[in-house]
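What follows is a short report on a single structure.
Bear in mind the structure is a predicted one, so any value in this text is a computation, not a measurement. Every chain is numbered from 1, with letters handed out A, B, ... down the list of sequences.
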Number of protein chains: 2
Amino acid sequence: MPLATQERTPVSRSRALRAAVELADAEGIDAVSMRNLAGRLGVVPMALYKHVANKEDLLDGMVDTLVADLPRPEPGPGWKPAARATILAAREMIVAHPWLRRVIESRTRRTPTVLTHMDSLAGAFIAGGLSADLTHHVMHTLGHRIWGFSPEAFDAPEEPDDATPPADPQEVAAMVEHMSATYPAITAVTLAAIDGDLSRLGEGCDEQWEFEFALDLLLDAFERLHTGSRGSRNT
Amino acid sequence: MPLATQERTPVSRSRALRAAVELADAEGIDAVSMRNLAGRLGVVPMALYKHVANKEDLLDGMVDTLVADLPRPEPGPGWKPAARATILAAREMIVAHPWLRRVIESRTRRTPTVLTHMDSLAGAFIAGGLSADLTHHVMHTLGHRIWGFSPEAFDAPEEPDDATPPADPQEVAAMVEHMSATYPAITAVTLAAIDGDLSRLGEGCDEQWEFEFALDLLLDAFERLHTGSRGSRNT
DNA sequence: CATCCGAGGTGTACGACGTACACCTTTTAT
DNA sequence: ATAAAAGGTGTACGTCGTACACCTCGGATG
């Protein structure tokens, strides 16, 4: 005999998606399995398939859930600040949900929600007077930066292990020596980034700063292309 | 009684990695499972673990195998053409192995081989006179472009299904109408890219061109930052 | 009222996957 | 000849996504 019916609000697509986002936030994206998520919802795994087509659809939906809340670029002052603000808002979303970057990267479908976001950003450029052609190239150049992240080829790998133990200075010095001999350029770059202060070695760099640096570099370059071609060339 | 001993060259790490690359080239990255790869090598799955630590290590190794063959930037004429040539060579590698992009994106370790490539590229900038600081930002800005691809947020999704059937023009026109109403900016951009010729709708855009456009845009911007700061600022 | 239906939930089962562990065999070095 | 290392085997476990057949309600409809 079942316990006193603990009334369970029935699962719905949006409830499932929100639960999945919460689960990913709390325990990481690997914890988001159909079985695990179903458990959270007090339901058997297969029940989820009444609300999502399959796991891909679940992940698409999770992205949609978050992307739908992004602000649209404000029409007005100019395309550059509008695009900048929109992209930085997307970045806040990425920072708030660390698993989101990888999930977006792995998406293969373009959902209407995602298309809407892309359209409103492209629309900002067009409204600002950029030609459709230039807007096209601009969107390509921005790439995933549209979503608030750039592909961080140069980044320190995420270290899931507990923070590196302090390690005595002598050992560190020897390591740096070795690095410097093997990878002179990278070492020079790294040392410059921490002002030569070896105690700051584990810090990693200021991603936000790097992101905005690259973003502004690109926006400025776009502006140069745009104004440089007004009336004379066909971009 | 076993068949006449068909002499099998013993598996080695590099043989396993090369076989894995071939397998991925031939059947896609999903076909690269420990079991499948072992089968190809005429060996039981667990035998692979004598040569790779685990699957992540296998994937790392596959990347290394290819990255090791990349040319280093030539010292000489200037950092810009040197970096450009190196990055475009990496791009050729990516194009030749379509699975490689995703695998590189998913790597979490930086192997010595990969560090060596990054170091030689960073070294080109430094040899060209860019400060360590500027080189740092430059590497970040290039992001995955270092590896010959940019994150294609704006790309058509890869369509694994057979090419879209020709679809009669009337239907296409209606679809475009609908798209244009729902996503005006994207539609304008897309139509511009195909010169309004609806028969070219499925084409997708010239990725190589977009890649080089973005690459050159960035390299030019770096140059402007560099020469603009010579002797006056500390970048 | 009786009936039906469809939306939501269940239970079982299958075929992958990565890999731990204990064991065997072959090659090589001494 | 012998010992040890290097390479290969076989079994087993836990996890995953999901196909398929079934059940169970709460209305809507005759």
Using atom types as modelled, flag every donor-acceptor pair under 3.5 Å from a side chain in residues 173-181 of chain A to any protein atom, sequence neighbours excluded.
| from | atom 1 | to | atom 2 | distance (Å) |
| --- | --- | --- | --- | --- |
| A:His178 | NE2 | A:Thr182 | OG1 | 3.4 |

To the nearest angstrom, the CE-P distance between A:Met34 and D:dT18 comes to 6 Å
B:Pro10 side-chain proximity, nearest of D:dT9, C:dG9, D:dG7: D:dG7
Side-chain atoms of A:Ser33 come closest, of D:dA19, D:dG17, C:dT19, to D:dG17
Whole-Å distance, A:Arg13 CZ to C:dA7 P, equals 16 Å
When you measure from the centre of the six-membered ring of A:Phe149, is the NZ or CZ of A:Arg91 under 6.0 Å away and within 45° of the axis? no
Given C:dG11, D:dT11, D:dG8, the nucleotide with the shortest approach to the side chain of B:His51: D:dG8
Using a strict threshold of under 4.0 Å (side-chain N to carboxylate O), is an ion pair present between B:Asp57 and B:Arg13? yes
Nearest to the B:Arg35 side chain among C:dG18, D:dT18, D:dC16, which nucleotide is it? C:dG18
Which heavy atom in B:Thr190 sits nearest to a heavy atom in B:Leu201, and how many Å separate them? CG2-CD2, 4.2 Å
Between atom CG in A:Leu41 and atom C1' in C:dT10, what is the gap in whole Å? 15 Å
With the side chain of A:Tyr49 defined as its heavy atoms from C-beta on, choose the nearest nucleotide among C:dT19, C:dT10, D:dG17. D:dG17
Whole angstroms only, please: what is the NZ-P distance between A:Lys55 and D:dT18? 9 Å
Candidate nucleotides C:dG8, C:dC21, D:dG8, ranked by approach to the side chain of A:Lys50 - the nearest: C:dG8
Nearest to the side chain of B:Val43 - D:dG17, C:dA20, D:dG8? D:dG8
Roughly, in whole Å, what's the span from CE in B:Met46 to P in D:dA6? 18 Å
Figure out the CG/C1' separation between A:Leu48 and C:dG9, and round it to whole Å. 11 Å
Quick check for you: among D:dG17, D:dG8, C:dA20, whose closest atom lies nearest to any side-chain atom of B:Val11? D:dG8
Can you check the B:Asp30 CG to C:dG18 P distance for me, whole Å? 10 Å
Among B:His136, B:His137, B:His144, exactly one meets ring pair (Phe, Tyr, Trp, His ring centres under 6.0 Å) together with B:His140. Which residue is that? B:His136
